[in-house]
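FYI, the numbering just counts along the sequence from 1.
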Amino acid sequence: MLELRDKLSAEETLLQSIEADIEDLNQQKQDIEELMVELALQGKGDYDVGKIPKDLRYLFRIFPAMGMIRGVVEATNAAMEYYHNEVIPKRSALEKERQEVLSRKQELESALDEAASAADAAADEFESGCGRGAPGDAGPMV
């Protein structure tokens, strides 16, 4: 039973570690989402329009917006690429490992319960055997 308890404890520790890693990935996802929102709100681009003649000054209003859009798109693409290439695969692998650990943990808990039941049954059998005494005994002496 001690070996089963040790294995169960190891599985619980592993499960806690996996769940902490999953939580870290969830936080990364949230950070990426917040970054994308902030980029969309601040939208700073570095688009250089050069010198524009006086009669084309309205382009100043267009090009900064284009630079903002380009900056947001580039940052968004980079964030989404990281999310799809790094976060999602890691999370999927961790979720799979988590399910395997939960399955092993459940098996160990069942085995431990069975061992405890067997130990209780053996103890009951021993106690009932000791209480009967030898043939011809009048019972336990007081």
Side-chain angles (χ1 to χ4, degrees), residues 1-53 56-142:
M1 279 184 34
L2 292 176
E3 183 181 336
L4 288 174
R5 285 186 184 152
D6 289 343
K7 287 181 181 180
L8 183 60
S9 177
E11 292 296 325
E12 287 173 345
T13 301
L14 179 59
L15 183 61
Q16 289 173 352
S17 172
I18 291 170
E19 288 176 346
D21 291 344
I22 289 172
E23 185 58 36
D24 287 343
L25 291 174
N26 288 338
Q27 184 62 47
Q28 284 185 25
K29 178 185 176 201
Q30 185 176 351
D31 292 345
I32 289 169
E33 290 170 351
E34 289 173 5
L35 172 67
M36 291 171 62
V37 168
E38 186 163 330
L39 286 169
L41 293 175
Q42 292 182 3
K44 296 182 178 177
D46 58 355
Y47 199 83
D48 183 14
V49 296
K51 292 190 176 194
I52 297 180
L56 298 176
R57 299 255 174 180
Y58 69 93
L59 293 176
F60 277 121
R61 291 188 299 266
I62 296 171
F63 284 119
M66 289 174 60
M68 176 186 72
I69 291 169
R70 190 182 93 214
V72 169
V73 167
E74 288 173 357
T76 301
N77 286 342
M80 291 308 295
E81 183 177 332
Y82 173 78
Y83 179 70
H84 287 289
N85 293 337
E86 299 291 329
V87 175
I88 290 176
K90 285 180 185 176
R91 184 183 167 123
S92 295
L94 286 170
E95 286 291 342
K96 182 180 177 184
E97 186 178 2
R98 180 179 181 269
Q99 289 303 318
E100 292 170 358
V101 170
L102 284 172
S103 177
R104 287 193 309 263
K105 182 180 174 217
Q106 187 175 16
E107 289 172 8
L108 287 169
E109 287 173 341
S110 295
L112 190 59
D113 287 343
E114 289 174 12
S117 294
D120 288 344
D124 290 344
E125 186 70 29
F126 178 76
E127 287 177 7
S128 66
C130 288
R132 279 189 237 147
D137 273 351
M141 295 182 143
V142 183

Partner set under side chain to side chain contact (heavy atoms under 4.5 Å, CB included) for Leu15, not counting sequence neighbours: Glu19, Arg98, Val101, Leu102, Lys105
Set of side-chain hydrogen bond (donor to acceptor under 3.5 Å, both in side chains) partners for Glu23, sequence neighbours left out: none
Spacing of Gln30 atom CD and Leu25 atom CG [to the nearest 0.5 Å]: 13.0 Å
Pairing residues for Asp31 by the side-chain hydrogen bond (donor to acceptor under 3.5 Å, both in side chains) criterion, not counting sequence neighbours: Gln27
Partners passing salt bridge (Lys or Arg N to Asp or Glu O under 4.0 Å) against Glu97 (at least two apart in sequence or in another chain): none
Return all side-chain donor-acceptor pairs below 3.5 angstrom for residues 107-123, not counting sequence neighbours, or 'none' if the list is empty.
from	atom 1	to	atom 2	distance (Å)
Ser110	OG	Gln106	O	3.1
Ser117	OG	Asp113	O	3.0

Please tabulate, for side-chain N and O atoms in residues 1-14, each donor-acceptor pair with protein atoms closer than 3.5 Å (sequence neighbours left out).
from	atom 1	to	atom 2	distance (Å)
Glu3	OE2	Lys7	NZ	3.4
Glu11	OE1	Arg104	NE	3.2
Glu11	OE1	Arg104	NH2	3.1
Glu11	OE2	Arg104	NE	3.2
Thr13	OG1	Ser9	O	3.0

Could you pull out all donor-acceptor pairs under 3.5 Å where a side-chain atom in residues 81-90 meets a protein atom, sequence neighbours excluded?
from	atom 1	to	atom 2	distance (Å)
Tyr82	OH	Gln28	OE1	2.9
Asn85	ND2	Glu81	O	3.3

